[in-house]
Amino acid sequence: MPELAEVELARRLWDVGRGGVIESLSTSPKVRVFRGVDLRAFERALVGSVLLSSAAHGKQMLFRFGPAPDAPPHAHMGLHLGMQGDLLVAEPGAPEPWERGKHDHLVLHQRGGRKLVFRDTRHFGRVLFHPGAEDPAWWRDLPPNLLSGEFTTKALGAFLTRRKRAPLKAVLLMQERFPGIGNWMADEILWRAGLHPETPAGSLDPAEVADLWRTVRRVTRDAVRVISPDWKYPDSWLFPHRWEDGGKCPRCRGGLVRETVGGRTTCWCPACQPRRLS
DNA sequence: ATTCTTGTTGCATC
DNA sequence: AGATGCAACAAGAA
């Protein structure tokens with residue numbers, strides 16, 4: 001379920017490998033996750049180098065590699081987990097905590113035996129490669145983080161106006177404005193804001209835009225705050241109820257509804273999120 | 001066997 | 001031109 005908080009958790013998992021020399025790579029060259037990557041150049045740049053640092057922005061991750069722990073980077077790798085991708089670590093000596101998978105498309109073998117694994121059964125994820133010392137363009141050009149000062153009510157209002165006829169559910173999934181929001185966060189936001197998922201984006205008044213802005217920030221902050229390796233979503237959120245058949249709204253105890261909106265399965269509470277008269 | 005899926009992109013249509 | 005909607009991508013689960 002890789003949305004922004006899960007992506008941050010996955011990124012952090014590989015922190016244990018920072019400073020370690022990469023002795024070799026295992027890749028599945030023909031798998032779609034490597035589309036557009038020059039694998040020979042990628043391997044040449046990474047083998048013998050050290051994992052220096054990493055960062056996550058929305059659903060995108062960046063890993064920096066250099067010739068030595070205290071040297072500047074000379075190569076960058078981007079990872080996107082797609083629908084089902086995940087990062088794993090296998091410590092040396094210990095039996096691998098998972099069955100050796102045919103979907104482990106990228107394994108960084110570090111000196112000493114630790115393995116950093118990118119697994120993706122559905123191949124919707126993506127590996128990006130950028131040789132060079134500077135952060136790549138695809139990283140620099142990402143839209144402002146939802147918790148940054150650049151994500152303002154004004155920016156939100158302008159975007160909703162531009163997408164005025166699209167349903168709010170579809171608009172919240174647009175990464176160009178809401179980096180890191182996925183299906184569950186979009187449903188959570190609309191539920192907390194009391195907005196029906198099919199509400200046309202352009203129909204909110206200024207007070208509703210401000211309220212939606214606060215809700216986006218609150219759900220984002222809560223998601224980032226609650227994650228840990230053994231995290232669990234509070235029962236007071238919509239999240240743990242949205243896939244249950246006969247699930248009940250944690251606020252009003254009424255029955256939840258599940259239908260496709262904006263091309264995606266969407267869950268909402270008809271009582272708390274009434275459809276507007278248009 | 002058929003239908004479903006937590007994401008993104010490219011294309012057709014308005 | 002820009003906005004919108006949808007099929008396609010791949011694999012496994014129910």
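In what follows, every chain begins at residue 1, and chains take the letters A, B, ... in the order their sequences are listed.
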Should the heavy atoms of other residues, nucleotides or ligands under 6.0 Å from CZ of A:Arg165 be counted, would the total exceed 12?
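Atom CZ in A:Arg165 is not crowded, with 12 or fewer foreign heavy atoms closer than 6.0 Å.
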
So, taking the atom named CD in A:Gln175 and the one named CD in A:Gln60, what distance separates them when rounded to the nearest 0.5 Å?
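Those atoms lie 10.5 Å apart.
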
Do A:Arg122 and A:Phe124 meet the cation-pi criteria used here (NZ or CZ under 6.0 Å from the six-membered ring centre, within 45° of the axis)?
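Geometry flag: set, cation within 6.0 Å and 45°.
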
Under 4.0 Å, heavy atom to any atom of DNA chain C: which of residues 159-166 of chain A qualify?
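Per residue number, the list reads A:Arg162, A:Arg163, A:Lys164, A:Arg165, A:Ala166.
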
If I pick the P atom on C:dA10 and the same atom on B:dC11, what distance separates them, to the nearest angstrom?
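It comes out at 16 Å once rounded to the nearest Å.
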
Rounded P spacing from B:dT9 to C:dA1 in Å
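The same atom, P, in both gives a distance of 22 Å.
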
Minimum heavy-atom separation for A:Asp15 and A:Ser54, please, with both atom names.
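Heavy atoms only, the tightest pair is OD1-OG, 3.7 Å.
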
Could you give the [atom1]-to-[atom2] distance, from [X] to [N], as a whole number of Å?
| X | N | atom1 | atom2 | answer |
| --- | --- | --- | --- | --- |
| A:Glu6 | B:dG7 | CD | C1' | 13 Å |
| A:Arg32 | B:dG10 | CZ | C1' | 12 Å |
| A:Glu259 | B:dT5 | CD | P | 12 Å |
| A:Leu173 | B:dT5 | CG | P | 14 Å |
| A:Lys59 | B:dT8 | NZ | C1' | 9 Å |
| A:Arg122 | B:dT8 | CZ | P | 12 Å |
| A:Trp138 | B:dT9 | CH2 | C1' | 18 Å |
| A:His123 | B:dT9 | NE2 | C1' | 18 Å |

Once you measure the plane-to-plane angle for A:Trp14 and A:Phe63, does it fall in the parallel (<30°), tilted (30-60°) or perpendicular (>60°) bin?
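A:Trp14 vs A:Phe63 ring planes: tilted.
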
Which label fits A:Phe118 and A:His105: parallel for a plane angle under 30°, tilted from 30 to 60°, or perpendicular past 60°?
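Rings of A:Phe118 and A:His105: perpendicular, as their planes differ by over 60°.
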
Centroid-centroid distance, A:Trp139 to A:His76, less than 6.0 Å
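No.
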
What verdict does the side chain to side chain donor-acceptor pair (under 3.5 Å) test give for A:Thr215 and A:Arg192, after you've listed the backbone C-alpha separation in whole Å, the side-chain angles of each residue and the deciding distance to 0.1 Å?
CA-CA 7 Å; A:Thr215 309; A:Arg192 289 207 206 178; over 6 Å; no

Within the 4.0 Å heavy-atom criterion, would you say A:Gly263 contacts the bases, only the backbone, or no part of the nucleic acid?
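Answer is nothing: A:Gly263 stays at 4.0 Å or more from every strand.
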
Name the one of A:Glu188, A:Lys169, A:Glu3 that satisfies side chain to side chain donor-acceptor pair (under 3.5 Å) with A:Asn183?
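Of all the options given, the one that passes is A:Lys169.
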
Give the first and the last nucleotide of DNA chain C, reading 5' to 3', that has any atom under 4.0 Å from a heavy atom of chain A.
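Using the under 4.0 Å cut-off, the span is C:dA3 to C:dG12.
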
Taking the nucleotide of DNA chain B with the closest heavy atom to each, which residue, A:Thr265 or A:Gln175, is nearer the 5' end?
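On the 5' side of the pair lies A:Thr265.
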
So which one's nearest nucleotide on DNA chain B is more toward 5', A:Asn183 or A:Arg126?
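Taking each residue's closest nucleotide, the earlier one in sequence belongs to A:Asn183.
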
